[in-house]
Structure formats: C-alpha cells, structure tokens
There are 2 protein chains.
Amino acid sequence: MVSQAFDTAGWPTRELILLHASRLFAGRGFLGTSTRDIASAVGIRQPSMYSHFPSKHAIAEELLRRDLHAGIEALQRCAQDPAGPAVQLYRYLLWEVTSVRETPFDLRALYLGELLDLPEFEHGRRLNNEYEALLAGIIRSGIETQEFVATDVAFAQRAVDAIILEAIRCSGDRRQHRILDEPDMAAAFVVRALLRVPSRLPRVQAAAHRAGS
Amino acid sequence: MVSQAFDTAGWPTRELILLHASRLFAGRGFLGTSTRDIASAVGIRQPSMYSHFPSKHAIAEELLRRDLHAGIEALQRCAQDPAGPAVQLYRYLLWEVTSVRETPFDLRALYLGELLDLPEFEHGRRLNNEYEALLAGIIRSGIETQEFVATDVAFAQRAVDAIILEAIRCSGDRRQHRILDEPDMAAAFVVRALLRVPSRLPRVQAAAHRAGS
DNA sequence: GTCTATACCCGGATAGAC
DNA sequence: GTCTATCCGGGTATAGAC
C-alpha cells in the first residue's frame, strides 16, 4: 500500500484532510480510524481538524457525496447515448473504472466496509440508491430491447455492482497494475456476460470508443 | 436485517459468541464492535467472554479459519472432477453460494471490511491466499484447455471473487430472497462470461447438476 | 464459567489563548 | 486556523470472589 504518487504541494488543509482520511479509512475502516490518526497524517493537531469539519462523520460524508455525485452525473450522461444500452453500459464502466484508477482518494471504505450501514449515513444511502436506480435503468432497457439476455434486473445490477466494487478493491493495491482495474477488461467482462449475442462484443467496444468517450 | 431464523436453543456459549459476534461485525465492522456489544447479545457479562476466547481478535480468527477451511476443502474436491474446468467452477460456485445462504453466521465483515488488512490477521491472510491459489488453478486450467476465453488469469480470478463477495454482501439482506445469492444465477453468470463458446452453458449446467452435487 | 470491580488507555469533541 | 489543555465516555483486558 504505497498510496502517494500525487503532488499534494499547495493543497488546502481541508483537501489534505479528505485525502489522508480516505486512505486511513481504507486501511482500518471508518470506525477504526481516529481523528488523531488523520490529524497526524496531515501534520496538524487533532483539534485543528474541527476548524474544517464539524465531526469525523462529516469527512466521510463529503467523500461519499463527491464520489456519488460524479457517478450519478456520469450515468445520466451515458444513459442518453443513442447507441443503446450495451454501449451505454460499456461507456459507463470505462468511465467508472478509469475514475477509480485516477482519483487520489482511496474510496474502498466507503462502499466495502460497514460505513453505509451506519445509521448516521442516511444521506449517503439515499444518494447510493439514486445511483443504483440509474444503473438498473440501463440494464432494464437492455433486457427489454433484448440486447441483453433475459435475466432478473436486480440480479444483473448486483453482478455489475460486484465488478465495480472489485475494481475499487483492487485500486487499493497500487502494487499490481492493470488487473481488474483495467477499464476495458472490466467493461468487456460485464457486457459479454449480459449480451444475448456475445459475439457482438467487438462492435459494442468499437462504438463505445468512438466519439466523445 | 432480521438475522435470526435459526434455533439456537442448546448451543454452547462458545458457539453463541461466534454467532452473535459474526452478525455484529457485519453491521459495524470488527473494530466498530465492542466486546460489550457481543456479550450483551449473547446474554452474559463482558469479562465472561474471556473464559471462551483469549481476545476479541481470536473470535474473528476462528470465524475466518472455519470458513476458509471449508472453502479450501470444497475447492479441492471440485478440482478433482473429471468433467473439466467449467463444470468444476460451476460446481464450486453452487457449493459456495449455497453455503453462504445457509450458514447461520454472517461472514460479511471477514471479507468485505478492513479485517484482512489488519496486521494481526496474518494467519487469515495465509489461508485466504491458499484459497485464492486453488481458485486460480481451476481458472488457469480452463484457459489452457481453451474451454475458457483467453483472458488474464488474475483478472478472471478477481472477477469470480467479485461475484462470490457480492453473494456474501447480499446474504446480509435477508429481506430480499434469491437475488445474487441464487446459486444457479451466480454460477451461470460467471461461467457464461468465461466460456469461449457461451452456448455450451446449458450442457455445463446439466453436467454440474448430475451426480454427487 | 460467570460474576463484580477495576485498571488503564484511547476515543470524539469543546474551551479558550494566540 | 492552529495551538494546549481538558472533559468524559467507552474500549480491552485482568483480578479475584463465588
């Protein structure tokens, strides 16, 4: 777990708190990380954090909010693509896995741990539901137009989520490069499993890479 | 999160500790669950736990050890099947998802949270590596015999892991029945995505269900 | 094996000087 | 905005009676 490789010179303290908190949460969980750990990673004293965030909870909430807003926007954008559900889904997965690879934040704790189950993260849960509904919409339309196999929508959505979450898991290991967090591999795996005619995959890929990716 | 539905009458205290601890870990994480919470769920006082386990860590370790031993055994058994890698993988997934559905323990925190990253769980990490090596072996042989698509072994293994982990995630929600934790759906999704000729899936399924499932 | 009592540390958060 | 000092609750674990 190297997790640096980003130039943090000149970042405002508030951003540094978000950055280091996300990485500490990833390693020890939200509840396992203390505000003292975060402050010490940033290089300030523990009470100074409270000039930037009213509570530890607020730090995680902002990380969640930023990430889910970006995901929801990307999904809405992809869902408008006239090339149909398979290309829409492929494009979204490319965007998501690329974004996970490139963000300086480590988002693992937000979705893999207990965080979203804690009662105080009601707002994050609402955003997450909105996100999942958009994803389910693309999948449903693919099943209805018979571009995808006739499978249970909820099941297919879970399977897609599973691959996205695994990409998030891998992003923590910055040792191994380009495994599941290789955007085209992840997107191809999912779309191939869903396409009614899997041999159409190369055409879907080509369409997804054409135009404003 | 209802999580009961099992008759715990007559269970020894030690087993009750494991049961309730697993469920509390699932909801608040290992580090977020206190020994007081566990004791109170079992119906004893907090120090009484130390007659059964030398530490909180030892409780999680036993849960890990039991689950990984069972998984490793099942993988070894499936890997000997003469019907080939696709059937071996399909059978193993059936076993795994069924086992996740039926166990009274809630195993989510063991694999989804920070637990395996904590330094004190070195033994669990070793077992987990052994488990993953066996799974990778089946996948590798499928790629070598060209029953599976020519893909990166590590990538395919991650994808299979992703689906198993999602089944574990779903098992917590005992509200929604039979979604990703429907054994045949999970197994079919994975094997279909890996088969070089996806139309062979029905034959693989039939073979997997024949004989000592 | 279970209890009460307790040691001792570390958690989040606040007050108030600079 | 950052600091020192501090409050107070809750954490794991142990001692020792029953």
Side-chain angles (χ1 to χ4, degrees), chain A residues 8-64 109-110 113-115 117-124, chain B residues 8-64 109-110 113-115 117-124:
Chain A
T8 57
W11 284 34
T13 304
R14 195 182 146 87
E15 292 301 305
L16 288 176
I17 291 172
L18 289 167
L19 178 69
H20 288 111
S22 77
R23 295 178 178 182
L24 289 164
F25 292 162
R28 296 184 53 84
F30 174 71
L31 293 165
T33 301
S34 75
T35 53
R36 288 176 160 84
D37 296 334
I38 302 170
S40 139
V42 173
I44 58 178
R45 302 288 178 166
Q46 181 258 355
S48 303
M49 288 205 357
Y50 290 84
S51 303
H52 301 277
F53 294 95
S55 64
K56 185 173 87 161
H57 157 261
I59 299 174
E61 192 162 73
E62 171 138 354
L63 288 167
L64 258 183
L110 304 186
E114 68 287 345
L115 194 137
D117 289 337
L118 301 178
E120 55 265 44
F121 285 97
E122 177 57 30
H123 183 243
Chain B
T8 57
W11 283 34
T13 304
R14 195 183 145 86
E15 292 301 304
L16 288 177
I17 291 172
L18 289 167
L19 178 69
H20 287 111
S22 77
R23 295 177 180 183
L24 288 164
F25 292 161
R28 296 184 52 85
F30 174 71
L31 293 165
T33 302
S34 75
T35 54
R36 286 186 227 274
D37 296 334
I38 302 170
S40 138
V42 173
I44 58 178
R45 301 290 177 164
Q46 180 259 354
S48 304
M49 287 205 359
Y50 290 84
S51 303
H52 301 277
F53 293 94
S55 64
K56 185 173 87 162
H57 158 261
I59 299 174
E61 192 163 71
E62 172 138 354
L63 288 167
L64 257 184
L110 304 185
E114 68 287 347
L115 194 136
D117 289 337
L118 301 177
E120 55 264 44
F121 286 96
E122 177 57 31
H123 182 242

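Throughout, a chain's letter reflects where its sequence line sits, starting with A, and its residues are numbered from 1.
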Within the 4.0 Å heavy-atom criterion, would you say Ser51(B) contacts the bases, only the backbone, or no part of the nucleic acid? base
Taking the side chain as everything from C-beta on, heavy atoms only, tell me whether Phe53(B) gets closer than 4.5 Å to Arg14(B). yes
Using the side chain to side chain contact (heavy atoms under 4.5 Å, CB included) rule, take Ile44(B) and Leu16(B) through it: C-alpha gap first, then chi angles, then the decisive distance, then the call. CA-CA 11 Å; Ile44(B) 58 178; Leu16(B) 288 177; over 6 Å; no
For atom CZ of Phe53(B) and atom C1' of dA13(D), their distance in whole Å: 16 Å
Between NZ of Lys56(B) and P of dG10(D) the distance, given in whole Å, is 16 Å
Indicate whether OP1 or OP2 belonging to dG11(D) is found under 4.0 Å from a side-chain N or O atom of Arg36(B). yes
Tyr50(A) OH to dC3(D) C1', straight-line distance once rounded to whole Å: 15 Å
Closest non-hydrogen atom pair between Ile38(A) and Met49(A), with its separation: CG2-SD, 3.8 Å
In whole angstrom, what separates Glu120(B)'s CD from dT12(D)'s P? 13 Å
dG1(D) P sits how many Å from Arg14(A) CZ, rounded? 10 Å
Could you check how far NE2 of His52(A) sits from C1' of dA13(C), rounded to whole Å? 16 Å
Residue whose nearest DNA chain C nucleotide is more 5′ - Gln46(B) or Ser34(A): Gln46(B)
Could you check how far CZ of Arg45(A) sits from C1' of dT4(D), rounded to whole Å? 9 Å
Got a second to check how far Leu115(A)'s CG is from Glu120(A)'s CD, nearest 0.5 Å? 8.0 Å
Taking OP1 and OP2 of dA13(D), is either one under 4.0 Å from a side-chain nitrogen or oxygen of Thr35(B)? no
Whole angstrom value for the distance that separates P of dG1(C) from CD of Glu15(B): 13 Å
Students often get this wrong, so: under 4.0 angstrom with heavy atoms, is Ser48(A) touching a base, only sugar-phosphate, or nothing? base
If I compare all heavy atoms of Gly27(B) with all of Glu114(A), which pair ends up nearest, and what's the gap? O-CB, 3.7 Å
With respect to the phosphate group of dG12(C), does any side-chain polar atom (N or O) of Ser55(A) fall under 4.0 Å of OP1 or OP2? no
